[in-house]
Every structure is written in C-alpha cells, then in structure tokens.
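Just so it is clear, the model here is predicted, and its values are computed rather than measured.
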Amino acid sequence: MPTLSLEPPVTHVLASGPDRLRSSAKAEDLERHSCVMFLRYEWIEDSLKEGKLMPPDPYRLIVHNTSIEKSLTSSTTTTATVAVGCLQMLIAPIAGPQKLNHKGKEESGALGEVVSSMIGKEGKQKKGRGGESDSEEERTKEEDCRGDILTRYLGTTAPAAADALEPCSTSLNTHITRILWELHDLYEGVLDDGNRALIYRKVASEIDKLSYKVTSASQLDKMEGIGQSTRVKIKEILRTGKLEMLEVLLANPKVSVLQLFMSVWGIGPKTATEMYNRGYRTLEDLKRESSLERMPRLGLKYYADILQRIPRVEAVELEKVVVGVAKELYPGVLAQATGSFRRGKASCGDIDFVISHPDGNSHRGLLAKLVARLTDIQFISDGLQDRSRGPQAPGHYEVDTYMGLCKLQGARHYRRIDIKVYPIRAHPFGLLHFTGNDIFNRRIRELAKKKGYKLNDHGLFPTVGEGQNIRSGTESIPCATEREILEKLGMPYLEPHERNW
DNA sequence: AGGCTGTACTG
DNA sequence: CAGTACA
DNA sequence: GCCT
C-alpha cells in the first residue's frame with residue numbers, strides 16, 4: 001500500500017472525520033512526535049474563506065476514545081505548534097471514485113473523501129445496500145449474475161493501479177484489509193450481495209484489530225469466519241500484494257459509473273443499472289432523467305452536501321434545535337439524537353431523532369406539528385417523505401417517521417435528518433434500534449430469535465405456535481428501558497458507545 | 001441446502 | 001410487489 | 001461466503 005510520509009514539508013493532515021483515525025493510540029503518538037496536525041477539513045475551508053490561517057484547535061481530529069466529546073468541544077488546548085508557513089496538503093494517489101469508498105455511513109471519514117471533494121472529483125460514499133451486477137445483460141437470478149461477473153472478469157484484462165486510500169489507519173495489516181474492505185464495498189454495492197459483504201467486513205475488521213502484522217495465511221488459521229475462499233484470496237494478496245479479481249473489477253468503467261450512481265441517495269443497484277443501460281454516465285446526465293422519483297431527485301439536488309459528514313460539534317447544535325423545538329411544543333417530551341451520534345462518534349453521516357411522550361397520548365400528531373414548526377423556522381428544507389396525507393398510523397404501532405434535510409442558520413451544509421416518533425411503550429425499543437449500530441442490532445435480533453422472540457423497533461414479541469403456524473405474538477413484552485430489553489435477552493447492558501460493533 | 005434482522009415508505 | 005432506506 |  002502507499003505509505004504516506006508525515007515528514008516535513010507536510011504540516012497538516014486533513015480528513016472529514018476521525019473515524020479512520022479512531023483506533024487512535026498510534027495516531028495520537030504520531031501527532032505528538034511528528035510536527036503534523038490532524039484536522040477536520042473545515043479548517044482549510046475556513047482558512048481560505050478568512051484569508052488567514054485559523055487556529056487549529058477547534059478543528060483537531062485526534063481525540064481520546066474515552067473523551068471524544070470533551071476533546072472536540074475544548075478549544076483551549078495548546079499542544080503542538082507547527083510550522084504553518086508551508087501548507088502542504090497530503091494528497092494520496094486517487095485512481096478514481098471507486099478507490100474512495102472505504103467508508104460506511106459511520107466508519108468513514110477517511111482522507112480520500114476530503115481530498116476528492118477539495119480537488120473537485122466526485123467522492124464516493126457508500127449507502128446502505130448493494131449494487132446490480134456488472135453484466136451486460138440483465139439476468140433473472142442474482143446468482144447467475146455474480147457467478148458470471150466473477151468468472152468473466154477473473155484474469156481477463158489488465159488491471160489499473162489500485163492505490164486505495166488508507167493513510168491514517170493504525171492497523172498493521174492494511175496490506176490485506178485494504179483489499180478486503182474494497183471487496184466489502186463492491187459486494188455491498190455493485191455486486192449486490194450483502195451477505196458476502198458482511199463476511200468481508202467481519203474478516204477485515206478482525207484482521208485490522210490484530211496487534212501483529214500478518215505475513216502468512218497460517219497465522220489466520222484459528223480466526224473464525226475465514227473459510228477456504230477468503231484464505232485463498234489472502235494468500236494471493238500476501239504473495240503478489242494484490243488481488244487480480246479486484247483489479248479487474250475496479251478497472252471496469254461500468255463499475256465506477258454504477259458506484260457513482262449508487263452514491264446518490266435513493267438510487268440503488270436496480271436504478272443505477274437502469275440508468276446505465278439508458279446510456280447515462282454522469283450525475284449531470286441523471287439530472288435530465290424525468291423518471292427519477294422524489295428521493296433520488298433530492299439526492300441529486302443535495303448530492304455534495306449529503307456526502308459530507310457532520311462533525312460532532314455541529315451535530316450537538318442540530319440536536320439542540322430539534323430537542324428545543326420539541327420541548328417548546330410538547331413540554332415533557334422525550335427527544336434525543338440517536339444513531340452514531342449517540343454512540344459517541346466524532347462525526348456522523350446523518351442525524352437521527354427518536355421522540356416519544358410519557359403521557360402516552362401526545363405522540364399522536366406530534367411529528368406533523370414538529371416538522372411544520374421546524375419548517376417554519378427554516379431548519380427543515382426538504383422532506384424526503386410525502387407527508388401530504390398527514391401522519392400515518394401504520395398498523396397498531398402508531399410510529400411516525402420523517403426523513404428529510406435540514407440546515408442550521410448560517411451553516412455550510414444541508415444535513416440528512418430522520419425523525420421517528422413512538423408511543424411511549426415502544427420508546428425503549430425505538431431507541432435501541434436507532435442507536436444501533438446495524439451489526440449490533442442484527443446480533444441482538446439473532447439472539448432474540450434463538451430465545452424464541454422477535455425483536456424489532458416496536459417491541460419484543462414472544463414467538464407463538466409451532467411448525468407451519470409459527471408466528472409472533474402481537475403483544476410485546478413490556479420494557480421500560482433499553483437495559484430491560486437487553487436483560488430479557490440475557491445480555492448485560494451496553495452503553496451506546498459500546499455498541500460500535 | 002438454506003439462513004444470514006427486521007421494518008417502513010414509494011410508485 | 002420491487003426497490004430503497006433506516007439502525 | 002461462511003456456518004450448521
């Protein structure tokens with residue numbers, strides 16, 4: 001992998017978020033011992049805007065895991081003073097957008113994103129789910145597609161250089177995991193196989209955690225979740241430093257286009273492929289397509305903003321606005337930001353709110369009023385859901401959802417915001433669900449299933465009946481807190497920051 | 001061979 | 001229903 | 001692609 005020199009004349013390393021730096025003992029040392037500062041990219045934006053170098057402390061990225069919030073809000077530290085006369089951005093080689101997508105919604109924040117946005121390329125941000133196959137014709141079976149792609153592209157054309165961006169990882173094994181993470185991204189995206197993506201995610205993250213450098217595949221023998229196929233790939237990586245299959249995939253221009261399209265909010269593998277087949281190749285092309293629905297339209301309209309991560313300091317302000325307005329309208333309301341924000345991340349892809357009211361009644365119609373008020377004060381700009389039919393009361397759950405865009409007064413970027421309103425009995429379940437992360441959720445749901453329950457964001461439902469008639473009861477086991485839910489599952493309580501699985 | 005978490009909204 | 005999204 |  002490309003090694004990044006942090007020697008002079010490099011003085012500043014800019015990133016959109018610290019998550020890639022977060023296993024950060026080593027990064028902290030780096031900052032202490034070399035004359036390099038790790039800063040949020042807003043530092044340079046502000047510096048350019050002001051025409052002078054801004055003080056670095058409010059923009060610092062190096063934080064201690066145990067005191068993320070404190071570190072980020074503190075502006076009084078005066079640690080390293082560096083030579084700032086020569087502003088040298090650290091720009092790693094970028095071969096194309098597909099090289100930048102090492103980031104999930106919240107695992108992200110690597111340099112690539114920033115660098116790409118600053119040099120005017122289209123950075124990539126992964127979205128939830130996968131991609132369509134890269135095959136020329138549509139197939140009816142996904143299996144066929146994948147098999148086809150893999151055999152068709154394996155060892156055919158010459159690969160392009162695959163210098164992935166992994167500059168600030170503290171992992172000793174990025175020579176391996178860089179490639180596994182790319183496979184994860186591809187399977188979650190273009191290759192449209194979330195289950196396989198999950199395998200690569202798990203293996204990559206396990207290997208990244210190792211405290212030694214892997215030089216032989218046999219060192220991974222006792223690691224769970226590595227099977228024949230992955231082992232063979234790792235051997236090839238160790239032998240040649242690359243993976244032919246990946247090189248070939250990444251060299252395919254269609255892959256890049258599909259990934260670009262899927263980086264738009266509301267465009268998944270099917271739509272991306274459809275647009276590709278219609279001959280579109282750029283985002284500008286897409287804007288001309290009239291058939292696109294509301295979500296991708298807004299995704300395109302706010303494309304650049306949505307790609308930007310939300311620094312924690314800003315998320316704090318966003319939370320103040322929503323919680324403040326909610327309390328103003330409904331005294332006693334329970335309202336808080338959840339998602340990666342609640343898990344203590346130093347930057348978030350979007351901001352999620354879970355709201356309820358202890359009086360057991362006020363949740364009805366709350367969301368409509370709240371959204372109306374937030375729109376009035378010009379906080380909410382666009383709704384990604386059609387609320388014209390008024391608040392829905394889906395089934396007997398009475399959960400109400402809003403997804404949209406918002407902006408702080410005077411802020412630089414529009415931000416993705418989700419608001420969910422629950423009846424009070426479901427509130428702890430909603431909180432648990434929307435705090436995540438997704439892996440954690442899947443694990444506890446799996447556990448619930450094994451114990452004869454179904455867990456979702458409305459409740460914990462005993463499974464009743466047998467054989468063909470197996471189904472879930474309609475009455476949830478009551479739980480007043482997240483702790484109670486986990487206890488019912490036989491799990492110890494985990495603080496939100498301990499749910500970053 | 002079949003599971004892999006579970007749900008809501010849109011058109 | 002298929003597609004996309006949310007954690 | 002791994003696990004059962």
Quick one: which of [options] gets closest to the side chain of [X]?
X        : options             : answer
A:Arg416 : C:dC6, D:dG1, C:dA5 : C:dC6
A:His433 : B:dT7, B:dG6, C:dT4 : B:dG6
A:Arg445 : B:dT5, D:dG1, B:dA8 : B:dT5

> Considering residues at least two apart in sequence or located in another chain, which fulfil the side-chain contact (heavy atoms from CB on, under 4.5 Å) criterion with A:Asp285?
Replying inline: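 Scan of A:Asp285 (side-chain contact (heavy atoms from CB on, under 4.5 Å), adjacent residues dropped) gives A:Tyr280, A:Arg281, A:Thr282, A:Arg288.
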
Does a side-chain N or O from [X] land closer than 4.0 Å to OP1 or OP2 of [N], or not?
X        : N     : answer
A:Trp265 : C:dC6 : yes
A:Thr401 : B:dA8 : no
A:Lys449 : B:dC4 : yes
A:Asn456 : B:dT7 : yes
A:Lys454 : B:dT7 : yes
A:Ser340 : C:dA7 : no
A:Lys202 : D:dG1 : no

> Does A:Asn277 reach the main-chain N or O of A:Glu274 with its side chain, forming a donor-acceptor pair under 3.5 Å?
Replying inline: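 No, because the side chain of A:Asn277 does not come within donor-acceptor range (under 3.5 Å) of the backbone of A:Glu274.
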
Pick base, sugar-phosphate or nothing for [X], based on heavy-atom distances below 4.0 Å to the nucleic acid.
X        : value
A:Tyr200 : sugar-phosphate
A:Lys450 : nothing
A:Thr230 : sugar-phosphate

> When you look at A:Tyr200 and A:Thr230, which way does the side chain to side chain donor-acceptor pair (under 3.5 Å) test go after all the steps?
Replying inline: CA-CA 8 Å; A:Tyr200 287 116; A:Thr230 310; 5.1 Å; no

> Can the ring centres of A:Phe461 and A:Tyr453 be said to be less than 6.0 Å apart?
Replying inline: no

Rounded off to whole Å, could you give me the [atom1]-to-[atom2] distance for the [X] and [N] pair?
X        : N      : atom1 : atom2 : value
A:Asp418 : C:dT4  : CG    : C1'   : 13 Å
A:Tyr402 : B:dT10 : OH    : P     : 12 Å
A:Asp352 : B:dT7  : CG    : P     : 19 Å
A:His184 : D:dG1  : NE2   : C1'   : 13 Å
A:Tyr453 : B:dT7  : OH    : C1'   : 21 Å
A:Arg294 : C:dT4  : CZ    : C1'   : 15 Å
A:Lys233 : D:dC2  : NZ    : C1'   : 12 Å
A:Ile439 : B:dT5  : CD1   : P     : 9 Å

>> Work out how far the P atom of D:dT4 is from that of B:dT5, and round it to whole angstrom.
In response: 14 Å

> Which salt bridge (Lys or Arg N to Asp or Glu O under 4.0 Å) pairs, counting each pair once, include a residue from residues 483-495 of chain A, with sequence neighbours left out?
Replying inline: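 Those involving residues 483-495 of chain A are A:Glu484-A:Lys488.
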
> So which one's nearest nucleotide on DNA chain B is more toward 5', A:Glu293 or A:Leu198?
Replying inline: A:Leu198

> Stepwise, does the ring-ring contact (aromatic ring centres under 6.0 Å, His included) test hold for A:Phe261 with A:Tyr276?
Replying inline: CA-CA 9 Å; A:Phe261 289 177; A:Tyr276 186 90; 7.4 Å; no

